[in-house]
Each structure stands twice: as structure tokens, then as C-alpha cells.
2 protein chains.
Amino acid sequence: MSKKVFITDDHFMVIEGIRSLLQNEQDIEWLGHAMSAAACLEFLENQLPDVLLMDINLPDQKGTILCKKVKDKYPQVQILGLSTYDQQSIVRNMLNNGASGYLLKNASKEELLEAIEVVMAGGEYLCMEVAESLKQRMIEKPVITKREQEVLRLICDGLTNPEIAEKLFISLPTANTHRKSLLKKFEARNVASLVKMAIEAGLV
Amino acid sequence: MSKKVFITDDHFMVIEGIRSLLQNEQDIEWLGHAMSAAACLEFLENQLPDVLLMDINLPDQKGTILCKKVKDKYPQVQILGLSTYDQQSIVRNMLNNGASGYLLKNASKEELLEAIEVVMAGGEYLCMEVAESLKQRMIEKPVITKREQEVLRLICDGLTNPEIAEKLFISLPTANTHRKSLLKKFEARNVASLVKMAIEAGLV
DNA sequence: GAAGTTATCATCCAAAAAGATGATTTTAAA
DNA sequence: TTTAAAATCATCTTTTTGGATGATAACTTC
């Protein structure tokens, strides 16, 4: 049983690109494309795809709204959001409105195929960049002061308290205070955790 | 003075995609495309672009060889390598053969425009992923044993020697030995440096 | 000008890390 | 089977960390 794929996007290049990516896949049936939300809804009245690739920037309607409409009417259709940039808010919105996944338009063929595979099986798929980016936002970075940022950077560079004190012209106890306040704010047990968190939070 | 751009690629979708990306740029003149090395060389006999985008996987000849040929004959043409994946060896080869930069095919419009800008000005441009990846390879990761890898991971998770010892069913001095050998191998002064290096080297 | 935050310093103390050195056993390779 | 590398354990010492607690001056903010 082949997977029926339909795409709604107003960029011909993207349609063409994806069609070309999928055209040699044995188990994928290309149903065609629509270049507006209206055209998409019209098409769905006659034929339902298994997977609907949907740009979020359509000329007549926002992708998020179209997503909700489609899902309400045809819950069996799995929707994969598509866009050029990963804007968290929109990704979240799409997922909240029933989308099963999200792809950036620069996604690789492998990602596209895996995404189709996964969402058809009822799963959720986020392409690497989006997932990474969502994860990044998840990391709650504590509010740290300017001075603490300086100290944090030096700690990550492997400086010890005495060295930090010398470098910043402060006393050893002060350097130590900053270090300890960083550990507390990050809820880290020691520098090892701290450094890892700081790197993951993109602070260094 | 507009920038004359020519592309040599055997994937129509890529040609189309890039053309579409550039067609609205005022200062870029699209000279057209060639879908083989032979066609590319033939074109160059009549007209020279400022920037030549070149896929490294051509049907009749390797991109690296074509790159060298073009650069030998027309040194004033700036070459930007193009490929889907970043294979270090090929990137290096292209750069050695005179290419001024390298882009992945999923590069953003911004990267593409910046790359054209930079190489035309005589600079070198690597798209983010490639640069990152090259940098990664630069980091010389020491050879560490299996056990050291385990310990390294635990250290990065913030475990102390006593905790590591308990977790791995080894004595505290042993855990400490592993820790110290890691510090030595990485030439790190302390865990902070160690963790940072390990993360940058992709070992955790 | 009162309240809050930031940056600074201090003392005390236990735990952990890091450096030096050496030794034994197990495992893998030549 | 000899050699080499990996994994284990030990002892000793100095430095650094990290936790608890408190205090003061400077700078914002309301």
C-alpha cells in the first residue's frame, strides 16, 4: 500500500523540489499540489492523502488555521508543517492544531522520507533543526548578572578561583561567591554540570 | 556592476531552486546553467561569470577536477563548491584546487548571497555546517579507552569520584585514576576544561 | 529616601580534585 | 609467549571546590 502524499505550498520551487525528491520512491504516490488554502480544501473534497505537506505561509490563509480546518474535517489525514525558518511559536501552533510534524524546507530527503513514514504510523516528527531549537528553548536559563557571565566564561575556559580573581581584579572570596551563585542559579552540583548546562544553553 | 552568476549542477531542482532564490536580487545577473562539466567548460569559452557555483557530483567529471581546470584557465572566476553533504575530504580538495568557498545545498538564501558577496570580494566562505564540521575535525580528540569514555560521560553529568566509583563498582582511587588520565589526555587543567572539550569534540 | 539588586569582601569547614608515584592484574596484540 | 596496553588499587600532599552565613558599599528602581 503506497503512501499518498499531497502538498500545499505557494512556492513552485519547493513543490518541484519535493516532488523531484519523492518521484523515485516506490511506495509513495504523488497526488499533486495546491498553491493556496482554498485550492487545498477543494482538492480534499474529492480525494484524501495520507500525508499532507503544508506550508505555513499561504497567500490566502495562515497554515495554522488551514491545519485546524483540515484536521477537524479529516482527522485521518496526517499533516506535516513546512516552512523556511523555525519560528517556535508557529511550530507550537501547528502542533497544537493537529499537525503531526514539522519540517524545514531545507530538510534532507532522508528527513522527508522519515517524516512521512513516522507520521503515517501515527507518530510525531520534527526535523533536526526544529527539534534542536525547541529543545534549546526548553532549557530554562537562569537570569545571571553581567559579572556572573564573565565569571562563567572564565570557569568554562578552565580558570580556577585564584586565576579568576586575578584576572578580574577581585578578591578570591568574591570570585568564589560568583562561582557559588552560578552553581545555585543553574542548580548545578559542580562545575562539570555547570559547564555542560552553560554550553547547552548557548551561554558560552 | 552586477555579479554574474553561473551554475553547474546536474540536479534540475537545485538549479531551479537557486535561480529562484537569486532571480529577485537586483545586483545579480543570472548567466544560466550547465548540467555537466563539459557543458560548463564550453560555456566558459564564450562568457565568464564572476562566481561559478559548482556541484561536486557531476555525471561526466568530478567537481574537484573541473574546479582545478577552470581555475587554471580562468583564475579570475571565483568558484563556490556545492554538495548535499559535507564530506571533509572533498571540501578540502575543492579548496586546495582553487575553490573560494563551499555551500551545502540546504544553505539559506542569506548564506548563498553572503557567499557570493564574500568570494567576489576575494574572500573565502564556508557555510555554517561545513565550517562547523571542519572545525570539529580540527579538534584533535585524544584516544581514550572504553572505560575512560564511561567515566568521561559520568563526569560530564556532574558525578563526583565517589559517585562514579559506586556507579561503576570500582574503588575511589581507580575512579580518580581514570579522571586524571582523562585530564592528561585532553591536556585539560580541570573538569571545566575537560567537559567543554568533550562536548566540542562531540564525545558527549 | 526606602527597597531591592549587584558586586564586593570575610571566615569557617568539609569534601573533592588534582598532582606525584608506584604497583598488580587482566586483557589484547604481536 | 613475550610485550604492550588497559584497568585496577594504593598512599600521600596541596590546592581547589563548594556549602553555610553574614556584612558592606554602590547602583537602580520605585
Side-chain angles (χ1 to χ4, degrees), chain A residues 135-204, chain B residues 135-204:
Chain A
K135 203 184 76 184
Q136 284 249 334
R137 309 284 158 146
M138 288 310 192
I139 298 171
E140 35 182 300
K141 8 184 169 180
V143 183
I144 59 175
T145 69
K146 223 167 159 185
R147 201 52 157 173
E148 284 165 350
Q149 273 186 42
E150 293 182 77
V151 174
L152 177 57
R153 206 152 297 165
L154 295 178
I155 289 175
C156 288
D157 283 340
L159 300 216
T160 64
N161 275 333
E163 291 165 338
I164 292 171
E166 194 189 6
K167 193 141 204 170
L168 298 182
F169 305 107
I170 55 181
S171 74
L172 196 149
T174 303
N176 200 27
T177 301
H178 290 313
R179 170 189 292 262
K180 285 184 283 193
S181 99
L182 281 167
L183 288 172
K184 203 157 210 170
K185 286 188 178 179
F186 275 87
E187 297 180 62
R189 330 175 53 203
N190 48 39
V191 271
S193 294
L194 179 64
V195 171
K196 196 179 168 200
M197 290 178 186
I199 291 176
E200 280 173 353
L203 290 173
V204 276
Chain B
K135 203 184 77 184
Q136 284 246 336
R137 308 286 157 146
M138 287 309 192
I139 299 170
E140 35 182 299
K141 8 186 167 177
V143 183
I144 59 174
T145 70
K146 224 167 159 185
R147 201 53 156 173
E148 284 166 348
Q149 273 186 43
E150 293 182 77
V151 175
L152 178 56
R153 206 152 295 164
L154 295 178
I155 289 175
C156 288
D157 283 340
L159 300 216
T160 64
N161 276 332
E163 290 166 338
I164 292 170
E166 194 189 4
K167 193 141 205 171
L168 298 181
F169 305 108
I170 56 180
S171 73
L172 195 148
T174 303
N176 201 27
T177 302
H178 289 313
R179 170 188 292 261
K180 285 182 283 192
S181 99
L182 281 167
L183 287 172
K184 204 158 209 172
K185 285 189 177 178
F186 275 86
E187 297 180 60
R189 330 176 53 203
N190 49 39
V191 271
S193 294
L194 180 63
V195 171
K196 195 180 169 200
M197 291 179 186
I199 292 176
E200 281 174 352
L203 290 173
V204 276

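Please read all numbers here as calculations on a predicted model, not as lab measurements. Residue numbers begin at 1 in each chain, while the letters A, B, ... track the order of the sequences.
A:Ser171 has no side-chain polar atom (N or O) that falls below the 4.0 Å cut-off from OP1 or OP2 of C:dT8. Considering only side-chain N and O atoms, A:Thr174 lies under 4.0 angstrom from the phosphate OP1 or OP2 of C:dC9. Contact between the side-chain N/O atoms of B:His178 and the OP1/OP2 oxygens of D:dA7 is not found at any separation under 4.0 Å.
At whole-Å resolution of the value, CD1 in A:Ile144 and P in C:dT5 are 17 Å apart. Computed from coordinates, the B:Lys185 NZ to D:dA7 C1' distance equals 11 Å when rounded to whole Å. Here the P atom of nucleotide D:dC9 and the CD1 atom of B:Ile170 are 7 Å apart, to the nearest Å. Rounded to whole angstrom, the span from the NZ atom of A:Lys146 across to the P atom of C:dT6 amounts to 13 Å. Going from atom CD of B:Glu148 over to atom P of D:dA7 covers 6 Å, rounded to whole Å. Rounded to an integer number of Å, the gap from CG of B:Leu168 to C1' of D:dT8 is 12 Å. Distance CD (A:Gln149) to P (C:dT6): 12 Å, rounded to an integer number of Å. A:Ile164 places its CD1 atom 15 Å from the C1' atom of D:dT15, with the value rounded to the nearest Å.
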Listed pairs, N/O of protein and of nucleotides 24-30 of chain C, under 3.5 Å:
none

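Taking the salt bridge (Lys or Arg N to Asp or Glu O under 4.0 Å) definition, one finds that B:Lys185 meets it with B:Glu148, sequence neighbours left out. With sequence neighbours left out, the side chain to side chain contact (heavy atoms under 4.5 Å, CB included) criterion links B:Glu166 to no other residue. Considering only residues two or more places apart in sequence or on other chains, A:Thr177 meets the side chain to side chain contact (heavy atoms under 4.5 Å, CB included) condition with none of them.
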Which pairs of donor and acceptor atoms, one on a side chain in residues 154-161 of chain A, lie under 3.5 Å apart (sequence neighbours left out)?
residue	atom	partner	partner atom	Å
A:Asp157	OD1	B:Lys196	NZ	2.8
A:Thr160	OG1	A:Glu163	OE1	3.3
A:Asn161	OD1	A:Arg179	NE	2.9
A:Asn161	ND2	A:Asn176	OD1	2.9

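Distances were taken from every side-chain heavy atom of B:Pro173 (C-beta onward) to each of C:dA7, C:dC9, D:dA10; the shortest belongs to D:dA10.
Taking a cutoff of 4.0 Å between a charged side-chain nitrogen and a carboxylate oxygen, B:Arg153 and B:Glu150 do not qualify as a salt bridge.
In this structure, the side chains of A:His178 and A:Ile170 come closer than 4.5 Å at one or more pairs of heavy atoms. When side chains are defined from C-beta on, A:Leu194 counts as touching A:Leu182, because their heavy atoms get closer than 4.5 Å. Residues B:Leu152 and B:Ile144 meet the side-chain proximity criterion, which asks for heavy atoms closer than 4.5 Å.
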Base-contact (B) and sugar-phosphate-only (S) positions in nucleotides 17-30 of chain D, heavy-atom cut-off under 4.0 Å, - elsewhere = SBBB----------
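Taking all atoms of both residues into account, the shortest heavy-atom contact from B:Leu172 to B:Pro162 is CD1-CG, 3.9 Å.
Contact annotation for A:Thr145: backbone-only contact, meaning every heavy-atom pair under 4.0 Å involves sugar-phosphate atoms and none involves a base.
Between the axis at the start and the axis at the end of the helix from C:dG1-D:dC30 to C:dA30-D:dT1 there is an angle of 60°, using five pairs per end and rounding to 10 degrees.
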